[in-house]
Number of protein chains: 2
Amino acid sequence: MSYEKYVILENPDPAQAAEFIRLSWRRYVIVIFARSMVTYRGRAASRLDWDDHLIIIKPDGTLLVHGPTKRDPINWQPPGCTVTSMERDNVLVIRSRRPRPREEVVIDCNPIYVILAVDIRRGLFRMYGTESWMISIVMRHPELIEDGFVPIAREHQTKYGIIDLLGRDREGNIVICEFKRRMADVQHVAQLALYVDTFPRPKGARVRGILVAPGISDKALLALKEKGLEYRRLNHATLMKYAEG
Amino acid sequence: MSYEKYVILENPDPAQAAEFIRLSWRRYVIVIFARSMVTYRGRAASRLDWDDHLIIIKPDGTLLVHGPTKRDPINWQPPGCTVTSMERDNVLVIRSRRPRPREEVVIDCNPIYVILAVDIRRGLFRMYGTESWMISIVMRHPELIEDGFVPIAREHQTKYGIIDLLGRDREGNIVICEFKRRMADVQHVAQLALYVDTFPRPKGARVRGILVAPGISDKALLALKEKGLEYRRLNHATLMKYAEG
DNA sequence: AAATACATTTCGAGA
DNA sequence: TCTCGAAGTGTATTT
């Protein structure tokens, strides 16, 4: 098979299609438009009845079955799976196997309207505004937590998990900070409460817990107060001001 | 534009492509293979440099930009967004706007290798093995928790969240059950601990907390014991035996 | 519309 | 390889 930027097959018969997929799936991203039926067995199980779906097979073993709506595929297989294709009873059968956990997706296709194989690349990708970006800025501007706050350790390991930011307040109390890049909820309060409850209590000092987020739900605020914890509002816009200068 | 099951455009010029997308995006799922550059601004921000990517536009306003690997798109826009397309400086510019939260994805394309428009449908879909399926089976077979366990309420509302299953043991103690369909971790223990800590304590009875899951992480088990909570192993295979008969 | 919790979550970092 | 926690999480359900 010589190199082409893309290859189109219109109305291939199942045997032709099976052969084409076998030869090209490690080199091309394959897009298949066909009437199809999908069964999945693994961590759960599902069945998608016959209709016209869009199937995508990537060189890394990713498999996607898309419907006409929604961001997420109806069925899928993550990277690392093995794809096989064959013709049986005039039906194209695509099988994707995942070793661990043991999962399988089987797609029957008939008829096959179009197969498009494309040579995709990934351009350089950069992302801004994540949680670790938040913490980096607070490390450089501790007063964003409160006056006198002194960071001790970022990502402090405990028996029960990692504390985002550990520090001390001006009175020498331990301060445990839990960061969220979006609205904080009860789960996040529960997590902070666990850290504070189980942190080794130093003599003559308290252990404070502060939830740092751009917002907090009513229930979460209630739980926070009940557990004697604190909330520090910190939003994207404020952080942006400290980002460069 | 007359109805076709699918339409293929090879090497369209940007103006042609823009026109085609404008006319067909509410009726077809559009698959575009083009050299492209993507910028995203919204809850966060990102930039994907020029390279050959796969772009999918669905009739519900979903937008996907896929690379050669991974299950998830590099950039995307969820259902409900508005797509516009235009030609500018011989570049196809696709713009997707989401009203709330206010987010925008802009894709510049040049050259455009192929555009494929397909009429996709979604077949009937059924799923098995979810968490609510687990709880339903335990409701009918309370002995799966322990002998003498009596369910009181499924999805019991508290101030801080919903308890999956509330019941009593043979000695009349309150039992709070938290279900997980997969390996339980510290987060889940933290959540259960919060429910138990804040549950109204009845006179002369204890409040027990049981985490019901097919497995539990070491850290989670440690935290569970520290908080005096319990773990009941319950896997998929066991539940399947009780599913029908 | 806002809140809440599940998901075949996926993905990446660290041990 | 496994564990743990973030994510522009998405998605359905309920208020």
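Here is the naming used below: chain letters follow the sequence lines, and residue numbers restart at 1 for every chain.
Between B:Pro79 and A:Asp164, it is A:Asp164 whose nearest contact on DNA chain D lies nearer the 5' terminus.
For A:Asp72 against C:dT9, a side-chain-to-base donor-acceptor contact under 3.5 Å is absent. One cannot find a donor-acceptor pair under 3.5 Å joining the base of D:dG5 and the side-chain atoms of B:Asp185. For D:dG8, its base sits under 3.5 Å from the side chain of B:Gln77 at one donor and acceptor pair at least.
Put simply, CZ on A:Phe179 is 15 Å from C1' on D:dA6, counting in whole angstrom units. For A:Tyr160 and D:dC4, the OH to C1' distance is 16 Å, given to the nearest whole Å. The interatomic distance linking B:Arg47 (CZ) with D:dG8 (P) rounds to 18 Å, in whole Å. In this structure, B:Ile162 atom CD1 and C:dT4 atom C1' are separated by 6 Å, rounded to whole Å.
For the OP1/OP2 pair of D:dT11 and a distance below 4.0 Å, the side-chain nitrogens and oxygens of A:Lys70 include no atom meeting the criterion. Of the side-chain N and O atoms in A:Arg98, none sit less than 4.0 angstrom from OP1 or OP2 of C:dT8. An OP1 or OP2 oxygen of D:dG8 is reached within less than 4.0 angstrom by no side-chain nitrogen or oxygen of A:Arg71. For the OP1/OP2 pair of C:dT8 and a distance below 4.0 Å, the side-chain nitrogens and oxygens of B:Thr130 include no atom meeting the criterion. Close to D:dT9, at under 4.0 Å from its OP1 or OP2, lies no side-chain N or O of B:Trp76. For the OP1/OP2 pair of C:dT9 and a distance below 4.0 Å, the side-chain nitrogens and oxygens of A:Arg43 include at least one atom meeting the criterion.
Residue-environment remark: CZ (B:Arg102) stays at or below the threshold of 12 foreign heavy atoms within 6.0 Å.
A salt bridge links A:Glu104 with A:Arg95: the closest approach of a Lys/Arg side-chain nitrogen to an acidic carboxylate oxygen falls below 4.0 angstrom.
Counting non-hydrogen atoms under 4.0 angstrom, B:Tyr195 reaches the backbone sugars and phosphates but no base. Within the nucleic acid shown, A:Gly161 comes within 4.0 Å of sugar-phosphate atoms alone, with no base atom in reach, counting heavy atoms only.
If you check D:dG8, C:dC11, D:dA6 against the side chain of A:Glu178, the one that comes closest is D:dA6.
Between A:His66 and B:His66, the two ring planes are perpendicular [angle over 60°; tilted spans 30° to 60°].
Side chains of A:Glu103 and A:Tyr40: a donor-acceptor N/O pair is present below 3.5 angstrom, by distance only.
With both pairing distances under 3.5 Å, C:dA1 is matched to D:dT15 as a Watson-Crick or G-U wobble pair.
Aromatic rings of A:Trp133 and A:His236 (six-membered ring for Trp) have centroids within the 6.0 Å cut-off, being under it.
When the C1' atom is used for both C:dC6 and D:dA7, the distance is 15 Å, rounded to whole Å.
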